[in-house]
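Taking it in order: structure first as structure tokens, then the write-up.
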Amino acid sequence: MFWHAIVATLRSRRFWVWQLGGAIIYLIPVLTRLISGSVVLPVLGLFETPWIGHWVPGNLVEKILVNAFFPGAAGAIAGEIFLRNLKGPPQNTKEKHLWRLAGALLWVTVWTLFQWWGNLQNIIGSYGGNLFEYPFVYPLNFVLASLSIFTPDIVEYVGTKLRAVFLDS
């Protein structure tokens, strides 16, 4: 049953849309920094915040926007799909969001371990800093992942409204 749920999850189009879409959203700022050689992003640089200790980075707005999709929402969707395949449909929205929370926390844990490993390698980017995140920021990633369980609902709501505007006109 467990392996069937994994296989069914990996066959899900929705799973791959969120994984690949989230990874692309995550990569945009990374590639922009590498290509431009600057830590400050062209548009989001206007919203730079001061660092709060070592825990909250100066690119907080970017971090919230990016982490809402990857690894947070990507993991949330993975958790929801996997547990739906394992247990059947959720009994209510609370259960669905708990499934999403489990997936989001698992994904952010795996991603944080990758970030930590990369940080230890001390790979210097074209902008002069470590290519990987500063370890003191990792707890913020878990907070953002737990909030990102609502990102799929928001995306669905906005998509519904946009379809209504463009299809009804």
Side-chain angles (χ1 to χ4, degrees), residues 1-33 41 44 47 49 52 54-57 59-121 123 130-163:
M1 188 82 172
F2 180 81
W3 293 110
H4 294 290
I6 290 174
V7 169
T9 300
L10 293 174
R11 288 184 178 160
S12 167
R13 182 182 183 278
R14 184 172 178 232
F15 170 83
W16 288 108
V17 165
W18 278 92
Q19 300 312 304
L20 297 174
I24 289 168
I25 289 169
Y26 192 94
L27 281 173
I28 291 170
V30 172
L31 293 175
T32 302
R33 283 191 178 91
L41 297 176
L44 292 178
F47 303 104
T49 58
I52 301 172
H54 295 291
W55 306 97
V56 180
N59 63 339
L60 182 60
V61 173
E62 170 200 338
K63 187 154 201 50
I64 291 169
L65 291 172
V66 169
N67 284 23
F69 291 92
F70 189 86
I77 291 298
E80 178 188 340
I81 293 170
F82 172 74
L83 289 168
R84 181 183 302 264
N85 290 328
L86 188 65
K87 297 181 173 191
Q91 300 301 311
N92 50 46
T93 56
K94 179 182 176 183
E95 186 175 44
K96 176 178 79 170
H97 286 97
L98 286 173
W99 290 358
R100 285 183 181 180
L101 180 61
L105 292 176
L106 176 62
W107 249 232
V108 80
T109 298
V110 170
W111 189 248
T112 298
L113 288 170
F114 173 72
Q115 288 281 349
W116 179 62
W117 173 83
N119 188 277
L120 292 175
Q121 306 312 306
I123 301 168
N130 194 324
L131 189 62
F132 293 87
E133 279 188 323
Y134 189 62
F136 282 151
V137 177
Y138 299 161
L140 179 60
N141 293 342
F142 283 88
V143 171
L144 295 175
S146 60
L147 295 173
S148 69
I149 65 173
F150 301 108
T151 301
D153 297 328
I154 294 166
V155 168
E156 182 180 337
Y157 175 80
V158 169
T160 300
K161 294 298 178 188
L162 288 174
R163 278 190 296 279

Once rounded to the nearest 0.5 Å, what's the spacing between atom [atom1] of [X] and atom [atom2] of [Y]?
X: I77; Y: I149; atom1: CD1; atom2: CD1; answer: 10.5 Å
X: Y134; Y: H54; atom1: OH; atom2: NE2; answer: 4.5 Å
X: I64; Y: S148; atom1: CD1; atom2: OG; answer: 12.0 Å
X: L106; Y: L101; atom1: CG; atom2: CG; answer: 11.0 Å
X: L98; Y: T93; atom1: CG; atom2: OG1; answer: 9.5 Å

| Which pairs with one or both residues in residues 65-76 pass side chain to side chain donor-acceptor pair (under 3.5 Å), sequence neighbours excluded? |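 Those involving residues 65-76 are N67-N141.
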| message | Could you go through I81 and W99, starting from their C-alpha distance and side-chain angles, then the distance that decides it, and tell me whether this counts as side-chain contact (heavy atoms from CB on, under 4.5 Å)? | response | CA-CA 9 Å; I81 293 170; W99 290 358; over 6 Å; no
| message | Looking at A68, is its backbone amide N or carbonyl O close enough to the side chain of T151 to form a donor-acceptor pair, meaning the two atoms are under 3.5 Å apart? | response |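 Looks like yes, one N/O pair under 3.5 Å.
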Check whether any side-chain heavy atom of [X] lies under 4.5 Å from a side-chain heavy atom of [Y], and answer yes or no.
X: W55; Y: L140; result: no
X: W18; Y: V155; result: yes
X: Q121; Y: F132; result: no

| message | Can you pull out every ring-ring contact (aromatic ring centres under 6.0 Å, His included) where at least one residue sits in residues 137-159? Sequence neighbours excluded, please. | response |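 For residues 137-159, and leaving out neighbouring residues, the ring-ring contact (aromatic ring centres under 6.0 Å, His included) pairs sorted by first residue read H97-F150.
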Considering non-hydrogen atoms only, spot the tightest contact between [X] and [Y] and give its length.
X: F82; Y: A5; answer: CE1-CB, 3.6 Å
X: G118; Y: N130; answer: O-OD1, 4.2 Å
X: F136; Y: P139; answer: O-CD, 3.3 Å
X: P89; Y: E95; answer: O-OE1, 4.5 Å

Residue list, side chain to side chain donor-acceptor pair (under 3.5 Å) with [X], at least two apart or on another chain:
X: R11; result: none
X: T9; result: N85
X: W107; result: Q19
X: Q115; result: Y26

| salt bridge (charged side-chain N to carboxylate O under 4.0 Å, His left out) between E62 and R33, worked out | CA-CA 13 Å; E62 170 200 338; R33 283 191 178 91; 2.5 Å; yes
Apply side-chain contact (heavy atoms from CB on, under 4.5 Å) to [X] and list each qualifying residue two or more places apart in sequence or on a separate chain.
X: W3; value: I6
X: R163; value: T160, L167
X: T49; value: L60
X: H4; value: none

| Hey, what's the ring geometry for F114 with W111, parallel, tilted or perpendicular (30° and 60° as the breaks)? |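 Ring orientation of F114 relative to W111: tilted.
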| query | Going by the salt bridge (Lys or Arg N to Asp or Glu O under 4.0 Å) test, which pairs reach into residues 12-27, not counting sequence neighbours? | reply |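 Matches after skipping sequence neighbours: R14-E80.
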| task | Kindly state each residue pair satisfying salt bridge (Lys or Arg N to Asp or Glu O under 4.0 Å) with at least one member in residues 139-152, sequence neighbours excluded. | result |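 Sorted result for residues 139-152: empty, none.
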| task | Considering only NZ, NE, NH1 and NH2 on the basic side and carboxylate oxygens on the acidic side, decide whether K63 and E133 come within less than 4.0 Å. | result |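 Salt bridge between K63 and E133, a charged N being under 4.0 Å from a carboxylate O: yes.
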